[in-house]
Student: 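Here you go, one structure.
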Amino acid sequence: MRYGMGPEVLRDVSFHLAPGSFHFLTGPSGAGKTSLLKLMFMAQRPSRGLITMFGRDIATLPRAELPDLRRRVGVVFQEFRLLDHLTTYENVALPLRIQGRPEASYRDDVRELLAWVGLGERMQARPPTLSGGEKQRAAIARAVVAQPDLLLADEPTGNVDPEMGKRLLRLFMELNRLGTSILIATHDHALVEEAGATELMLKGGRLTIRG
Amino acid sequence: MANTPAKPASDDPAVLGEEPPRKGYAAMLSALLVETRSVMPSAGATGLSLVLVIAAMCFLASLALGAALSVSHVTSDWTRDLSGALTIEVKPTNAMTPDEQIRAVLYVLSRSEGVVSAKALGHEDMKALLEPWLGTGNVTDDLPLPHLIDVRIDATSPPDLEALAQAIVAVAPGAQLDTHRQWQDQLMSAARAAEWLAYAVLIVVAATMVAIVTFATRAGLSANREVVEVLHLTGARDRFIAAEVQRHFLHLGFRGGMIGLFLSLTAFLALALQGSNTTMFMVPMSGLRLEYYPALLFVPLAAALVSVLTARITVMRTLHRLL
Ligand SMILES: Nc1ncnc2c1ncn2[C@@H]1O[C@H](COP(=O)(O)OP(=O)(O)O)[C@@H](O)[C@H]1O
Ligand SMILES: [Mg+2]
């Protein structure tokens, strides 16, 4: 894929994520990790090539069917993209609210999840008043709250201390154990080694698979 | 995430307004009066100025509606009054004596279709008519007065007044049919024009409101592009976003409408209290008739409806252009 008339960012990329698998996506900064994830959560369309998500070719997917597909994918954005006018609680509950679930049916789950990522005391705070690490954890909580079939996380441990990084990795592994496929873009090699999962390496627009 | 190792959920007060679900009209009313938190940021300062603009629009709309209703009431009164009297004025001429003139006119009237009765006013009748202006005793017998004939016509099948007027002049020169009708016709058409003008004002006001709300909705969406994109990526459908946006506009519209209604009620009540016989477009403006006040309630409801529909349509159309 390419941005506008720019150079082709991803050129030779071919892989398959089995349901319930756990992968890391690594590569130097600017290698195109974020770009690849954007393709996968359908924020960008590929300029060429075939991308199939849950058995659907996303290039020909009608616009009206995008929401259903996106609800099966949880995304942790590199720059978090929390909604500043909502509280942390509301941000995390957003995917459930969008699915039309009544608040009473998920309130306790959301609080429990927030407490688990260490934001129990910050539920009513708005994102601008959160620290970088807190924002990151809120973004992760939002991505996992609806138990998606696929979780895409872009540098999800970039702003937290190693201790919290391990804790978050446990959250991802727990989610994976429950059946969610996980793809984590990172350049934190300690994290990759800790998990010992398959590594997709991006470099110069090409993808190689290790492990 | 029920399976995550649990820490006891903190017991802070209700996180979002949790209201017991209400049914029917109560739910509709509470939806209209209480704005629940939206996922879309509300417009803030723009919200207030938008309310004020809508209030001004609704003020104009209420005045126009009140005027239209008043005018149409007056014209229907006039239409009913047409069943009333005609007058024939008999001026003295050298050719005939007044009595001859009157007899000839009465004869023509008695043979005309649609005339119910005709009666020449005697000297005493004339005196009774004039004394309020001239004072008792001042209408002397030698005061030269025209003779008048009072004619009642059948309102359901009135006579052909043109023909009647010609027939009367033919038999009795100096006799003149005063139909009031030509006069009334002109008044009527002026009043009708005023009524249409009032409705035109209503339409222009509605169109302006649509334009303003469209503009505000678009501005709101483009200011919150990031929010819209995050909502989309989280799996929101356009109609979810539209619902969140239009809820905000429902309240803007309704609040503006109520303020406008309140202002116009004040204006109408002030007119009523002043109790003057001022007229506007020949319509007595002694305030709005009591039975028309409820009709003004229609204005804030229409404002809310117009504002909601416009916002919804605008959001759906704008979002459709996004990925
Ligand atoms: N929105 C964009 N418009 C144009 N170029 C972009 C855009 N986003 C990323 N790029 C370019 O694409 C390349 C890959 O970027 P990115 O996918 O963010 O890499 P990574 O996430 O691995 O650091 C970079 O050269 C970057 O400059
Ligand atoms: Mg990146």
Student: Are the side chain of R70(A) and the backbone of T234(B) linked by a donor-acceptor contact shorter than 3.5 Å?
Tutor: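 The answer is no, because no donor-acceptor pair under 3.5 Å joins these two groups.
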Student: Kindly write out the residues that satisfy salt bridge (Lys or Arg N to Asp or Glu O under 4.0 Å) with E8(A), not counting sequence neighbours, or none if the list is empty.
Tutor: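 Expected list: R48(A).
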Student: Below 3.5 Å, can you tabulate the donor-acceptor pairs from side chains in residues 209-218 of chain B to any protein atom, sequence neighbours excluded?
Tutor:
residue : atom : partner : partner atom : Å
T214(B) : OG1  : V210(B) : O            : 2.6
T217(B) : OG1  : V213(B) : O            : 2.6

Student: Please list all pairs meeting side chain to side chain donor-acceptor pair (under 3.5 Å) that have one or both residues in residues 15-24 of chain A, counting only residues at least two apart or in different chains.
Tutor: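 Side chain to side chain donor-acceptor pair (under 3.5 Å) check on residues 15-24 of chain A returns S21(A)-H23(A).
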Student: Starting from the C-alpha separation in whole Å, work towards a yes-or-no answer on side-chain contact (heavy atoms from CB on, under 4.5 Å) for E226(B) and D84(A).
Tutor: CA-CA 11 Å; E226(B) 165 70 11; D84(A) 287 347; over 6 Å; no
Student: Could you grab the distance from atom CZ of R237(B) to atom CD of Q99(A), nearest 0.5 Å is fine?
Tutor: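 The CD atom of Q99(A) is 10.0 Å from CZ of R237(B), to the nearest 0.5 Å.
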Student: Is any side-chain heavy atom of H85(A) closer than 4.5 Å to a side-chain heavy atom of V227(B)?
Tutor: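 Yes, their side chains come closer than 4.5 Å.
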Student: Please check if the number of heavy atoms outside F262(B) that lie under 6.0 Å from its CZ is greater than 12.
Tutor: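 No - once you tally the heavy atoms of other residues, nucleotides and ligands closer than 6.0 Å, there are 12 at most.
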Student: Nearest 0.5 Å, what's the CG-CG distance between L233(B) and L66(A)?
Tutor: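 The distance works out to 9.5 Å.
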Student: Salt-bridge test for R97(A) and E244(B): reply yes if a basic N is under 4.0 Å from a carboxylate O, no otherwise.
Tutor: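 Looking at R97(A) and E244(B), the cut-off is met.
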Student: Would the number of heavy atoms belonging to other residues, nucleotides or ligands and lying under 6.0 Å from CZ of R101(A) be above 12?
Tutor: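 Above 12, so yes.
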Student: With a 4.5 angstrom heavy-atom cut-off, which part of L231(B) approaches chain A: side chain, backbone, both or neither?
Tutor: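 Looking at L231(B), backbone and side chain both touch chain A.
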Student: Please indicate whether F298(B) has more than 12 foreign heavy atoms, meaning atoms of other residues, nucleotides or ligands, lying under 6.0 Å from its CZ.
Tutor: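 Atom CZ in F298(B) is not packed in, count stays at 12 or less.
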Student: What residues of residues 72-82 of chain A sit under 4.5 Å from chain B when only non-hydrogen atoms are counted?
Tutor: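 Listed by number, the contacting residues are F77(A), R81(A).
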Student: Where on A64(A) is there a heavy atom nearer than 4.5 Å to chain B: the side chain, the backbone, both, or neither?
Tutor: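 Only the backbone of A64(A) comes within 4.5 Å of chain B.
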Student: Select one option (side chain, backbone, both, neither) describing which atoms of D238(B) are under 4.5 Å from chain A's heavy atoms.
Tutor: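 Side chain only.
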Student: Which atom pair, heavy atoms only, marks the closest approach of A236(B) to P67(A)?
Tutor: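 Nearest heavy atoms, A236(B) then P67(A): O-CG, 4.0 Å.
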